[in-house]
Chemist: 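First the structure, then my questions, so here it is.
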Protein chains: 2
Amino acid sequence: MSATTLKRESARERILDLAEAAVLQKGFGATSIEELIAGAGISKSGFFYHFPDKGELAKALLLRYIERDRAILDDIFARADELNDDPLHGFLVALKLFADMMAAMTEVHPGCMVASVCYQEQLFDREVHELARDAALAWRVRFRARLDAIVARYPPLVPVDLEDLADMLSVMMDGGITISRIMRDPQLLARQVVLYRAFVRSVFLGA
Amino acid sequence: MSATTLKRESARERILDLAEAAVLQKGFGATSIEELIAGAGISKSGFFYHFPDKGELAKALLLRYIERDRAILDDIFARADELNDDPLHGFLVALKLFADMMAAMTEVHPGCMVASVCYQEQLFDREVHELARDAALAWRVRFRARLDAIVARYPPLVPVDLEDLADMLSVMMDGGITISRIMRDPQLLARQVVLYRAFVRSVFLGA
DNA sequence: ACCCCGACTGCACCTGGGGTACAGTCACAT
DNA sequence: ATGTGACTGTACCCCAGGTGCAGTCGGGGT
């Protein structure tokens, strides 16, 4: 990394920051390169120097989003595990932490980049869709591992498929974000996470 | 309705059909008026005769989608009520019918128009967003009424807010469709509806 | 001192998509 | 016969997403 690259924040990062906010707020299609370069203070040529085309911007955006999401989940689970070493209670605490985090957001959740990509198909290439798929698969694996640890100690009282229960969290996050946005209710997502928590609790601990 | 309107299927309907498929598959932005008029066999002027602008097409599309969705739900609940007059078992049967319907779809669900609109903000006017919101509100009211009837007979064993539990179905449908698409697993949505059913069951009947 | 390289700028130009404007057509209903 | 609904055709405008390329500017390596 040269000194030039480090000064302030590189133009590339500035574009990515502006694009992320704009895309989550109004969608990828409605976000113009024009507005990004105006905001970042660079020329059109400068933009195309960093991103061969708009699709590459989408890829970079998704990659960054997935990475941050992963870091947030890592942090939440780490904090939950610190407080507790029982797998079930650790998971329940993590869900609580997550719900609190969502509840703390005063405005509606900016949206899930992965879902956003899903509804803009064909605009992006195969590669971008694989990225989204890999992210969803990573969520499944992560949550599934937690659930596997739980069943070893708590035999489920309600018959459920663990993979489905793992996917259910992804489903509720994505759906929760969407319905939260549609309803313009910032708290809806948090309440849905709490409901998922109640389900997990009742599956392993009963009513 | 004139004879002209009836011959074959009106151009307007043809456009709407083509647009619906295209939008659910690749998004509204990626669906060009050009491709629609080519498919419908009319001129550009013909398109703008029916829809003042692309936004009006979105509105018409959403309206049609919401109406069909309403009809499907009406039918499912009517069939479920025919088979059963207990509110809880009626709801559980309806969920089963719904899951079966979703499972019967061999390809991945085309997607939810309402969610699609949600992720394309700013592309549409206030009116379109109000439409999406009203649709989500209608789901909430419909499911909430079912749940209210259930609690009158079955005191909940797990403490849940009924409005949240009602919203949870919308959340799982939308999220299920999205994750189903991302994962390219057509059966995922059906399995998630079954899980929601298991939750409702355990809330009112226990493990 | 020299030059290369990364990170741009500026300008010219092209395409496709979303419109606008408006005159004309043609079948059918009254 | 006359009007109305459902269009067609032509012409034109703007904007966004590019493409192509020559030039610039500052730092680092030799």
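Computation of the quantities below employed the complete heavy-atom set of this structure, encompassing side-chain atoms and omitting hydrogens, waters and symmetry-equivalent molecules. To find a chain, count down the sequence lines: A is the first, B the second, and so on, and within it residues start at 1.
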Chemist: Any chance you could measure Leu195(B), atom CG, to Met172(B), atom CE, to the nearest 0.5 Å?
Modeler: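 Leu195(B) atom CG to Met172(B) atom CE measures 6.0 Å (nearest 0.5 Å).
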Chemist: Tell me whether the side-chain N or O atoms of Ser45(A) pair up with the base of dG10(C) as donor and acceptor below 3.5 Å, since no angle test is needed here.
Modeler: yes
Chemist: Could you tell me whether Lys54(B) sits above the aromatic face of Phe28(B), with NZ or CZ closer than 6.0 angstrom to the six-membered ring centre and within 45 degrees of the axis?
Modeler: yes
Chemist: From CZ of Phe47(B) over to P of dT20(C), roughly how many Å is that when rounded to an integer?
Modeler: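 Taking CZ of Phe47(B) and P of dT20(C), I get 11 Å after rounding.
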Chemist: Starting the side chain at C-beta, find the nucleotide from dC7(D), dT8(D), dT9(C) nearest to Ser43(A).
Modeler: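 Selected nucleotide (nearest to the side chain): dT9(C).
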Chemist: Distance alone, cut at 3.5 Å: any donor-acceptor contact between the side chains of Asp69(B) and Trp139(B)?
Modeler: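 A donor-acceptor contact under 3.5 Å links the two side chains.
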Chemist: Decide, yes or no, whether a salt bridge links Arg142(A) with Asp74(A) under the criterion of side-chain N to carboxylate O below 4.0 Å.
Modeler: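 A salt bridge is present here (some side-chain N lies under 4.0 Å from a carboxylate O).
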Chemist: Under 4.0 Å between a side-chain N or O of His50(A) and OP1 or OP2 of dA7(C)?
Modeler: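 No, outside the criterion.
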Chemist: Check the distance between dC8(C)'s C1' and Arg14(A)'s CZ and give it to me in whole angstrom.
Modeler: 11 Å
Chemist: Rounded to whole angstroms, how far apart are CZ on Phe48(A) and P on dA22(D)?
Modeler: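 Those two atoms, CZ and P, are 19 Å apart.
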Chemist: Between atom CD1 in Ile37(A) and atom P in dA16(D), what is the gap in whole Å?
Modeler: 10 Å
Chemist: Could you tell me how far apart Ile42(A) (CD1) and dT9(C) (C1') are, to the nearest whole angstrom?
Modeler: 10 Å
Chemist: Compare side-chain N and O positions of Tyr49(B) against OP1 and OP2 of dC7(D) and report whether any pair is under 4.0 Å apart.
Modeler: no
Chemist: Within this structure, what is the CG-CZ distance for the pair Leu169(A) and Phe98(A), rounded to the nearest 0.5 Å?
Modeler: 7.5 Å
Chemist: Relative to the ring of Tyr196(B), is the ring of Phe91(B) parallel (under 30°), tilted (30 to 60°) or perpendicular (over 60°)?
Modeler: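 If you compare the ring of Phe91(B) with that of Tyr196(B), the planes turn out perpendicular.
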Chemist: Write down the distance between CZ (Phe51(B)) and P (dC7(D)), rounded to a whole number of angstrom.
Modeler: 10 Å
Chemist: Rounded off to whole Å, could you give me the CG-to-P distance for the Asp53(B) and dA21(C) pair?
Modeler: 13 Å
Chemist: Between Glu130(B) and Lys59(B), does any side-chain N to carboxylate O distance fall below 4.0 Å?
Modeler: no
Chemist: Expressed in angstrom and rounded to an integer, what is the separation of Leu57(A) atom CG from dG18(D) atom C1'?
Modeler: 14 Å
Chemist: Shorter than 3.5 Å, N or O on both sides, protein versus nucleotides 13-17 of chain C: list them out with atom names.
Modeler:
none

